[in-house]
Amino acid sequence: METLGFLIDGFGVALAPHNLMFALIGAFLGTLIGALPGLGPANGVAILIPLAFTLGLPPETALIMLTSVYAGAMYGGRISSILLNIPGDEPAMMTCLDGYPMAQKGKAAEALAISAIASFMGSLIATIGLILLAPLLAKFALTFGAAEYFALFVLAFATLGGITGKNPVKTILAAAIGLMIATVGIDSTGTQRYTFGILKLYEGVDFIIAIVGLFAISELLFFIEDRAGGGKGPMKVNKLTLSFKEVREIMPSSIRGGILGFIAGVLPGAGASLGSFIGYTLEKKVVGKKGYFGEGDPRGVAGPEAGNNGASSGALVPMLTLGVPGSGTTAVLLALLISMNITPGPLMFTQHADIVWGVIAALLIGNFLLLLLNIPLVGIFVKLLSVPPKYLLPIVTMVAFVGIYSISNSAFDLYFMVAFGVLGYFLRKLEIPMVPIILGLLLGPEMEKNLRHALTLSDGDWTVLWSSGLAIGLWVVAFVGLVLPYIVGPILRRRMKAAQELTD
């Protein structure tokens, strides 16, 4: 009953006219961003964070808008997968397997509608799971001490690459770079570290500047290098003729995919890519020889779409309750909260209950908004795919520069952002991921603080870090998460690649 009361209060926040308006704007922009191949939700949210500061949005409104962008981008990724056979982001890869063959058979509208309904079901199931699980996990997290939190942060870094990550060693290297950057500034003892006498660095590196530089500016540099043109245009979308019987047939696939996706999102190191993959794999096993997967089976569209959207909402659980992101996009959202002096974690459910439950209620409302947007207005999103990037990326760059400058009115921050963009460009050329760097930058200060606190309480005895059963459990999970990608990862990646090659 207590949870229901909080949720009702959350609806009071989410249904405020200005919050509802920004949820709608976020859902629309997110779908547009998701439809563009290569951008993805993490880039989309990173690009629009400066806009939240420029508009002077309060924390709950900013978070509602950007979580709506996140959800919308997960919806939008299916559009280019179905119409171009190019995933909007990695989790949408499995949608290509049956979505594109459906489009080739003249059923593009049906494939888009089925994927929208499945995305809705996956997100709805996961949001309900978030409502039920998050308060319980938050109460459990209140039992954590400094040693347990340090072990939790180690677990977050150990499982960061996930079992679908390409190179665990590069992931660890990226996290180390992030932790190194996090040491810049004045520490808790008043000692200057790596400031080089620059006053702006005394307070450390601003998360938002780093995120916008690493994501948005590096993307622009890649575009300049590639000089990308318009690419091939999307195929024509036929008139929608989806029947109630066809919708009913995909419901079991959507429900199974949503449940699996939510579990994948909550688990450390799993994520939307795994949610999509296991959603598709399960459907093939459940349907068996009755299906025609790889040739345009609607259930092959519904399963992975419900899986990746379920995982995206599931990833909010560890971020809100433990302060540990469950995905790259939630790492960016974590940066937004920290920059607004809000510390995610168990205390957030009591100290900022209006923000937490307002966002959860907005997710429920946003799912319905996205369903309404993605079926009747899909033609608008489809036309966007034919717009050359040379017209879109300058707009993105302008938003980034204006947004960053509006936060501090400092030209130094603009130069710093460009420097991070150049750094991100070279790191991406070396196939070093960006998200671990951001996570290291975000969690580094808290990790150091908890380590210092634990050692102070134990008079420098390092065994305090594994002195409790809970801490030992976290260390064991961290070790398994570090080793598992080397064992299971190659098998899963090989299967995902083999599945994708079937449509190439």
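Bear in mind that the values here come from a model prediction, so they are computed numbers and not experimental data.
Here the straight-line distance linking atom CG of N308 with atom OG of S123 works out to 8.5 Å at 0.5 Å rounding. For the atom pair CG (L57) and NE2 (H18), the distance works out to 8.5 Å, reported to the nearest 0.5 Å. Here CZ of F22 is found 10.5 Å from CD1 of I64. Values are rounded to the nearest 0.5 Å. If you take CD1 on I25 and CG on L55, they are separated by 8.5 Å, rounding to the nearest 0.5 Å. Interatomic distance, Y75 OH to S312 OG, rounded to the nearest 0.5 Å: 9.0 Å. Note that the OG atom of S119 and the CG atom of L124 stand 12.0 Å from one another [nearest 0.5 Å].
Across all non-hydrogen atoms, the minimal contact from A62 to A52 is CB-CB, 4.0 Å. Taking both residues in full, the closest heavy atoms of I365 and A14 are given as CD1-CB, 3.8 Å, listed atom of the first, atom of the second, then distance. Minimum interatomic distance between G314 and F262 (heavy atoms only, all atoms of both residues): CA-CD1, 3.6 Å. Across every non-hydrogen atom of Y100 and I82, the tightest pair is CD1-O, 3.3 Å. Taking each heavy atom of I125 and S254 in turn, the nearest pair found is CD1-O, 4.2 Å. Across every non-hydrogen atom of I211 and A46, the tightest pair is CG2-CB, 3.4 Å.
A donor-acceptor pair is defined here as one N or O able to donate and one able to accept, closer than 3.5 Å; no such pair exists between the side chain of Y149 and the backbone of M447. At distances below 3.5 Å, at least one donor-acceptor pair connects side-chain atoms of K170 with backbone N or O atoms of L430. Of the possible polar contacts, one joining the T350 side chain to the L347 backbone as a donor-acceptor pair under 3.5 Å is found.
With no hydrogens or angles considered, no side-chain donor-acceptor pair links T183 and R193 at under 3.5 Å. Inspection of the E305 and S115 side chains reveals no N or O donor paired with an N or O acceptor under 3.5 Å.
In this structure, L337 and M319 have side chains that are in contact, with non-hydrogen atoms separated by less than 4.5 Å. In this structure, the side chains of L373 and L24 come closer than 4.5 Å at one or more pairs of heavy atoms. Considering only heavy atoms from C-beta on, T31 comes within 4.5 Å of I79 through its side chain.
Tested against I177 for a side-chain contact (heavy atoms from CB on, under 4.5 Å), the candidates L441, L427, I172 yield a single pass: L427. Test N19, I342, L336 against L63 for side-chain contact (heavy atoms from CB on, under 4.5 Å) and you get one pass: L336.
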Worksheet item: Could you go step by step and tell me if L201 and Y194 meet the side chain to side chain contact (heavy atoms under 4.5 Å, CB included) rule?
Response: CA-CA 8 Å; L201 293 180; Y194 312 112; over 6 Å; no

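The aromatic rings of W357 and F6 sit parallel, their planes meeting at an angle under 30°, below the 60° perpendicular limit. Taking the six-membered ring where tryptophan is involved, the planes of F416 and F420 are perpendicular, since the angle between them exceeds 60° and thus also 30°.
Environment of CZ in F426: sparse, with no more than 12 heavy atoms of neighbouring residues, nucleotides or ligands closer than 6.0 Å.
Shown here are the side chain to side chain contact (heavy atoms under 4.5 Å, CB included) partners of L136, two or more places apart in sequence or in another chain: there are none. Residues that satisfy the side chain to side chain contact (heavy atoms under 4.5 Å, CB included) test with D413, not counting sequence neighbours, are K200, I209, I404, S408, S410.
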